[in-house]
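Throughout, protein chains are lettered first and strands after them, A, B, ... in sequence-line order, and every chain is numbered starting at 1.
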Protein chains: 2
Amino acid sequence: MEFKDNVPIYLQIEQRLIKQIVQGQLQAGDRLPSVRKLAVTETVNVNTVQRALRDLNMQGFIYTKRGEGNFVTDDQDLIADTKEQLIKQAVTDFLKEMQGLGLEHRSAQAALENYLRKEEQDGDSEH
Amino acid sequence: MEFKDNVPIYLQIEQRLIKQIVQGQLQAGDRLPSVRKLAVTETVNVNTVQRALRDLNMQGFIYTKRGEGNFVTDDQDLIADTKEQLIKQAVTDFLKEMQGLGLEHRSAQAALENYLRKEEQDGDSEH
DNA sequence: CTTACTGTTATATTTATCTAATACAGTATT
DNA sequence: AATACTGTATTAGATAAATATAACAGTAAG
């Protein structure tokens with residue numbers, strides 16, 4: 001997997017796993033790949049994986065059974081709340097970014113609509 | 001000025017300055033504050049400012065007159081192109097982020113519209 | 001009990017970021 | 001020339017992130 005420069009790998013792993021959980025790719029109770037397997041597939045050190053999982057544990061997204069593995073939380077409310085919060089965050093981040101470029105909220109919306117319109121005209125696989 | 005954790009300060013300074021340029025807050029030919037003044041106002045070391053300015057120089061956004069200061073490029077095309085590119089980038093980043101949360105493009109658009117509608121209903125200062 | 005998986009912890013090393021302090025160099029004003 | 005601004009460069013030190021390596025500990029199946 002590729003990582004962005006300039007943002008810690010363990011954070012990127014965290015965020016990716018959280019997204020997989022809220023998106024349903026990883027379901028409540030599912031077992032994660034073992035730390036060593038994750039380290040291999042992410043081409044990253046075991047300690048780096050451990051660091052990410054430790055954070056996810058503290059945040060309640062996963063729980064650990066020592067000797068067995070790490071499992072996705074059964075707290076459906078947490079998952080739903082997180083999803084809602086991440087969506088809202090993405091929206092406000094987008095608006096803030098556009099505002100920093102000189103576009104007010106409605107202009108930002110217009111830019112998005114404009115992009116999607118072009119995307120439809122050109123043949124852009126998904127719709 | 002506050003900085004985000006986990007993303008290098010010199011990069012945040014770079015990005016902020018670029019935004020000020022494309023947004024028109026800093027105009028072509030304008031002199032930037034001196035490195036030492038920037039270091040004070042950003043509560044950051046001179047070397048960190050220098051690092052940011054060195055990058056901006058290489059990218060063509062500013063030019064340096066030694067002994068005089070740093071000045072915003074006169075290349076209007078570069079500024080316009082960069083603005084356009086940053087806007088497109090913000091849009092695609094937003095869509096990609098939403099897709100990672102399980103929302104297709106049209107759903108992402110709907111979420112944005114929904115947010116803006118609520119914002120209007122509540123008294124949200126700007127419009 | 002042995003084996004082979006799990007997660008956990010510790011030590012040492014490298015690299016990037018950031019700071020601090022200092023010195024050097026160009027420009028302009030007096 | 002002296003002063004006071006500019007940018008530039010160097011050195012040293014602190015911290016965080018990531019790697020490599022190794023050992024320790026729980027679980028389960030043979």
Review point. Backbone N or O of A:L53 within a donor-acceptor pair of the A:E14 side chain at under 3.5 Å?
Key: no
Point to revise | Presence of A:N6 side-chain N/O under 4.0 Å of C:dA16 phosphate oxygens OP1/OP2 | key: no
Review point. Can you check the A:F71 CZ to D:dT27 C1' distance for me, whole Å?
Key: 11 Å
Check your understanding: A:R54 has an atom CZ; how far is it from atom C1' of D:dA16, in whole Å?
Key -> 13 Å
Check your understanding: Touch check for B:R36, heavy atoms < 4.0 angstrom, all strands: base, sugar-phosphate only, or nothing?
Key -> base
Review point. Within the structure shown, what part of the strands sits under 4.0 Å from A:N47 by heavy-atom distance: base, sugar-phosphate, or nothing?
Key: base
Review point. For B:N57, which contact category applies under a 4.0 Å heavy-atom criterion: base, sugar-phosphate, or nothing?
Key: nothing
Exercise for review: Write down the distance between CD (A:Q50) and P (D:dA17), rounded to a whole number of angstrom.
Suggested key: 16 Å
**Study point:** Donor/acceptor link under 3.5 angstrom from A:N45 side chain onto base of D:dA17
**Key:** no
Study note, to complete from the structure: Between A:K65 and A:V46, whichever has its closest DNA chain D nucleotide further toward 5' is A:V46
Exercise for review: Whole angstrom is fine here: how far is it from CZ in A:R66 over to P in D:dG26?
Suggested key: 6 Å
Exercise for review: Examine the side chains of A:R117 and A:N114 and answer whether a donor and an acceptor come within less than 3.5 Å of each other.
Suggested key: yes
Check your understanding: Does any N or O in the side chain of B:T73 come within less than 3.5 Å of the main-chain N or O of B:D75, such that one atom is a donor and the other an acceptor?
Key -> yes
Review point. Is the number of heavy atoms from other residues, nucleotides or ligands within 6.0 Å of CD (B:E84) greater than 12?
Key: no
Point to revise | d(CZ, A:R31; P, D:dT27) in whole Å | key: 14 Å
Point to revise | Interatomic distance where CD belongs to A:E68 and C1' belongs to C:dG7 [whole Å] | key: 11 Å
Point to revise | Any A:T48 side-chain N or O less than 4.0 Å from OP1/OP2 of D:dA17 | key: no
**Study point:** Residue-phosphate contact under 4.0 Å: B:K37 side-chain N/O, D:dC5 OP1/OP2
**Key:** no
Review point. Does a nitrogen or oxygen in the side chain of B:Y10 sit under 4.0 Å from OP1 or OP2 of C:dT17?
Key: yes
Review point. OP1 or OP2 of D:dT6 less than 4.0 angstrom from a side-chain nitrogen or oxygen of B:S34, does that happen here?
Key: yes
**Study point:** Atom pair distance, as rounded to whole Å: CG in A:L11 and P in D:dA17
**Key:** 8 Å
**Study point:** Backbone of A:V40 reached by a side-chain donor or acceptor of A:T43 within 3.5 Å
**Key:** no
Point to revise | Rounded interatomic separation in angstrom, taking CG from A:L38 and P from D:dT19 | key: 13 Å
Practice item. Ignoring backbone atoms, establish whether A:R51 has a side-chain N or O less than 4.0 Å from OP1 or OP2 of D:dA18. Key: no
Exercise for review: Mind checking B:L53 for me? I need base, sugar-phosphate or nothing, with any heavy atom below 4.0 Å counting as a touch.
Suggested key: nothing
